[in-house]
Amino acid sequence: MNAAGRIRIAIAQDPIFEVIARTHAAVNGFWVSIAVPAQCAPAGPAAVIGPHGNVLKHARSEAPEVIRIDLDRTDPALDVTLNMARP
């Protein structure tokens with residue numbers, strides 16, 4: 001983890017990287033964004049992952065795309081993850 005609290009993972013053309021990112025999000029209770037070059041998108045497109053480890057939004061894999069999502073700490077689906085899972 002770097003000084004800003006971000007984990008950087010090298011991106012390869014392998015779908016396992018999304019699984020790893022989802023695991024980091026769920027275990028540590030934070031949002032993760034995945035940004036990949038367009039040529040790597042078919043194996044694992046850009047995505048935003050919630051602190052529960054679920055993908056909140058994927059980019060299309062067939063064309064370059066910028067995704068946007070509102071991060072809502074009051075979403076009932078995230079209540080346990082953000083407020084009760086850790087002291």
Side-chain angles (χ1 to χ4, degrees):
M1 197 176 297
N2 67 13
R6 295 183 199 106
I7 296 176
R8 295 184 182 182
I9 301 173
I11 299 297
Q13 293 183 19
D14 189 338
I16 195 68
F17 285 103
E18 182 180 312
V19 175
I20 293 168
R22 291 179 67 180
T23 303
H24 279 298
V27 168
N28 295 295
F30 54 63
W31 282 273
V32 173
S33 62
I34 302 172
V36 297
Q39 65 267 24
C40 296
V48 176
I49 301 166
H52 44 25
N54 295 335
V55 175
L56 300 175
K57 186 155 186 180
H58 266 131
R60 292 174 295 152
S61 60
E62 58 276 350
E65 181 180 19
V66 174
I67 57 175
R68 179 190 171 279
I69 189 166
D70 293 324
L71 304 179
D72 183 6
R73 294 187 61 84
T74 62
D75 182 352
L78 301 175
D79 184 50
V80 172
T81 303
L82 295 175
N83 300 314
M84 299 177 205
R86 300 173 94 153

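Hydrogens, waters and symmetry mates play no part in the numbers below; they use all other heavy atoms, side chains included.
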Q.
Asp79: which residues meet the side chain to side chain donor-acceptor pair (under 3.5 Å) condition with it, sequence neighbours left out?
A. Asn83
Q. For Pro45 and Ala59, which heavy atoms make the closest approach, and how far apart are they?
A. CB-O, 3.4 Å
(Q) Tell me every residue that passes side chain to side chain donor-acceptor pair (under 3.5 Å) with Asp72, counting only those two or more places apart in sequence or in another chain. (A) Thr74
Q.
Checking Val55 now: which residues fulfil side chain to side chain contact (heavy atoms under 4.5 Å, CB included) with it, not counting sequence neighbours?
A. Glu18, Arg22, Ala47, Ile49, His58
Q: Not counting sequence neighbours, which residues clear side chain to side chain contact (heavy atoms under 4.5 Å, CB included) with Ser33? List them please.
A: none
(Q) Keeping Asp75 on the side-chain end and Ala77 on the backbone end, is there a donor-acceptor pair under 3.5 Å? (A) yes
Q.
Going by the rule salt bridge (charged side-chain N to carboxylate O under 4.0 Å, His left out), which residues pair with Arg73 if we only count those two or more places apart in sequence or in a different chain?
A. none
Q.
Please find the pair of heavy atoms, one from Ala46 and one from Ala35, that lie closest to each other, and give the distance.
A. CB-CA, 4.3 Å
Q) So which heavy atom on Ala25 is nearest to which on Val32, and how close? A) CB-CG2, 3.7 Å
Q.
Please find the pair of heavy atoms, one from Ala21 and one from Ile34, that lie closest to each other, and give the distance.
A. CB-CD1, 3.8 Å
(Q) Checking His52 now: which residues fulfil side chain to side chain donor-acceptor pair (under 3.5 Å) with it, not counting sequence neighbours? (A) none
**Q.** Pairwise salt bridge (Lys or Arg N to Asp or Glu O under 4.0 Å) hits with a residue in residues 31-60, at least two apart
**A.** Arg60-Glu65
Q.
Keeping Asn28 on the side-chain end and His24 on the backbone end, is there a donor-acceptor pair under 3.5 Å?
A. yes
Q | Heavy-atom pair with the smallest gap, counting every atom of Thr81 and Gly29 | A | CG2-CA, 4.4 Å
Q.
What I'd like to find out is whether the side chain of Ile69 reaches to under 4.5 Å of the side chain of Trp31, using heavy atoms alone.
A. no
